[in-house]
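Structure, as structure tokens:
Along the sequence shown, residues are numbered consecutively beginning with 1. Note: hydrogens, waters and symmetry copies are ignored here, and every other heavy atom, side chains too, is used. Worth saying up front: this structure is predicted, and the values here are computed from it rather than measured.
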Amino acid sequence: MRIYECWFCGGPIYPGHGMMFVRNDAKVFRFCRSKCHKNFKMKRNPRKVRWTKAWRRLHGKEMTTDSTLEFAKKRNRPLKYNRLKMQMALKAIQKVQELKQKREETFYKNRMKSKHTHELNVAMRDLEQGSHLIEAPTSLRAKTPVTISVPATSTVHTKSKSTSSKKGKSNDDMDI
């Protein structure tokens with residue numbers, strides 16, 4: 001059994017799934033679903049369609065240059081199996097998977113750093129523009145305007161819910 005890769009989107013094709021198109025020059029194209037097959041027939045370029053892996057790699061959304069990705073390459077040589085080599089290979093595969101996962105996490109964190117600073121800047125701009133909504137009416141407030149300061153920590157927590165157990169409440173305190 002072999003798991004093929006979709007020619008258009010790059011997704012996995014499991015045995016018994018997908019469809020295969022063989023061109024007149026004997027070039028084989030495998031597609032995971034009819035969506036990919038129809039886009040291929042419409043002569044669309046996978047690098048210009050946003051939901052494909054080719055577009056994601058081209059625009060820096062997924063890792064492209066990493067030594068762990070070379071293990072998935074196709075090899076045409078038949079292998080002679082040895083029990084010790086197989087055990088060592090399985091251990092190496094597990095280590096490579098852990099390495100790949102860590103590298104993907106760091107890649108994602110690096111990609112999201114600029115998003116976090118951008119969201120923080122947008123939130124500060126909204127606060128500055130809407131400060132008149134926060135201030136008290138003129139009869140209640142003093143003559144000092146509200147100043148907005150950036151928090152010292154870089155993380156911004158928007159959800160703050162107080163949790164209380166219902167065991168300690170009496171019947172009068174219960175919400176109806």
Side-chain angles (χ1 to χ4, degrees), residues 1-130 150-151 153-159 161:
M1 290 192 323
R2 185 171 181 175
I3 299 173
Y4 292 99
E5 188 175 300
C6 179
W7 184 88
F8 194 80
C9 72
I13 305 172
Y14 294 99
H17 292 82
M19 60 191 73
M20 184 169 60
F21 173 70
V22 182
R23 211 165 43 189
N24 286 340
D25 63 348
K27 172 91 169 98
V28 177
F29 299 94
R30 295 179 187 271
F31 305 104
C32 59
R33 54 185 178 249
S34 62
K35 178 181 182 180
C36 297
H37 188 221
K38 288 175 185 176
N39 278 295
F40 173 77
K41 287 193 291 186
M42 287 191 280
K43 298 184 178 181
R44 287 196 176 147
N45 189 349
R47 290 173 290 185
K48 293 184 179 180
V49 181
R50 290 182 67 101
W51 50 268
T52 62
K53 283 192 178 181
W55 185 91
R56 292 184 61 78
R57 286 187 187 122
L58 186 67
H59 290 82
K61 306 295 181 189
E62 289 185 3
M63 292 192 318
T64 55
T65 55
D66 192 18
S67 60
T68 58
L69 298 174
E70 292 182 16
F71 283 97
K73 286 185 179 177
K74 189 165 63 170
R75 290 163 185 84
N76 291 327
R77 286 189 192 164
L79 296 173
K80 292 183 181 178
Y81 291 102
N82 185 356
R83 187 175 297 225
L84 289 174
K85 285 185 180 179
M86 286 300 292
Q87 289 175 350
M88 289 172 51
L90 290 174
K91 289 179 184 177
I93 288 172
Q94 289 175 347
K95 288 181 183 178
V96 166
Q97 295 251 337
E98 291 170 1
L99 256 172
K100 187 176 179 181
Q101 185 177 6
K102 287 179 184 177
R103 287 181 182 174
E104 285 178 353
E105 287 173 2
T106 56
F107 179 78
Y108 179 78
K109 286 178 184 176
N110 289 337
R111 199 165 60 91
M112 291 295 135
K113 278 183 185 177
S114 62
K115 180 182 177 188
H116 176 69
T117 56
H118 176 71
E119 287 179 349
L120 188 64
N121 291 338
V122 168
M124 290 302 295
R125 192 176 338 122
D126 288 345
L127 278 175
E128 289 173 1
Q129 289 175 353
V150 178
T153 60
S154 63
T155 58
V156 177
H157 300 287
T158 56
K159 295 181 181 178
K161 293 183 179 179

Inset, instruction - Working to the nearest 0.5 Å, report the span between CE of Met86 and CG of Leu84. - result: 11.5 Å

Legend entry - Flag if over 12 foreign heavy atoms under 6.0 Å of CG, Asn24: no

Legend entry - Atom CZ of Arg47 with >12 non-hydrogen neighbours under 6.0 angstrom: no

N/O donor-acceptor pairs under 3.5 Å from side chains in residues 27-44, not counting sequence neighbours:
from, atom 1, to, atom 2, distance (Å)
Asn39, OD1, Arg44, NH1, 2.6
Asn39, ND2, Lys35, O, 2.8

Legend entry - Minimum heavy-atom distance Ile3-Pro12, with the two atoms named: CG2-CB, 3.9 Å

Legend entry - Distance, nearest 0.5 Å, that separates NZ of Lys113 from NZ of Lys109: 9.5 Å

Inset, instruction - State whether the number of non-hydrogen atoms from other residues, nucleotides or ligands found under 6.0 Å of Met112 atom CE is greater than 12. - result: yes

Legend entry - Enclosure of Met20 CE (heavy-atom neighbours >12, cutoff 6.0 Å): no

Legend entry - Aromatic plane relationship, Tyr14 with His17 - under 30° parallel, 30 to 60° tilted, over 60° perpendicular: perpendicular

Legend entry - Interatomic distance, Glu104 atom CD to Gln101 atom CD [nearest 0.5 angstrom]: 7.5 Å

Legend entry - Shortest non-hydrogen separation from Trp55 to Lys61 and the atoms involved: CZ3-CG, 4.2 Å

Inset, instruction - For His118, check side chain to side chain donor-acceptor pair (under 3.5 Å) against everything at least two apart and list the hits. - result: none

Inset, instruction - Would you please test Val122 and Arg125 for side chain to side chain contact (heavy atoms under 4.5 Å, CB included) and show each step? - result: CA-CA 5 Å; Val122 168; Arg125 192 176 338 122; 3.9 Å; yes

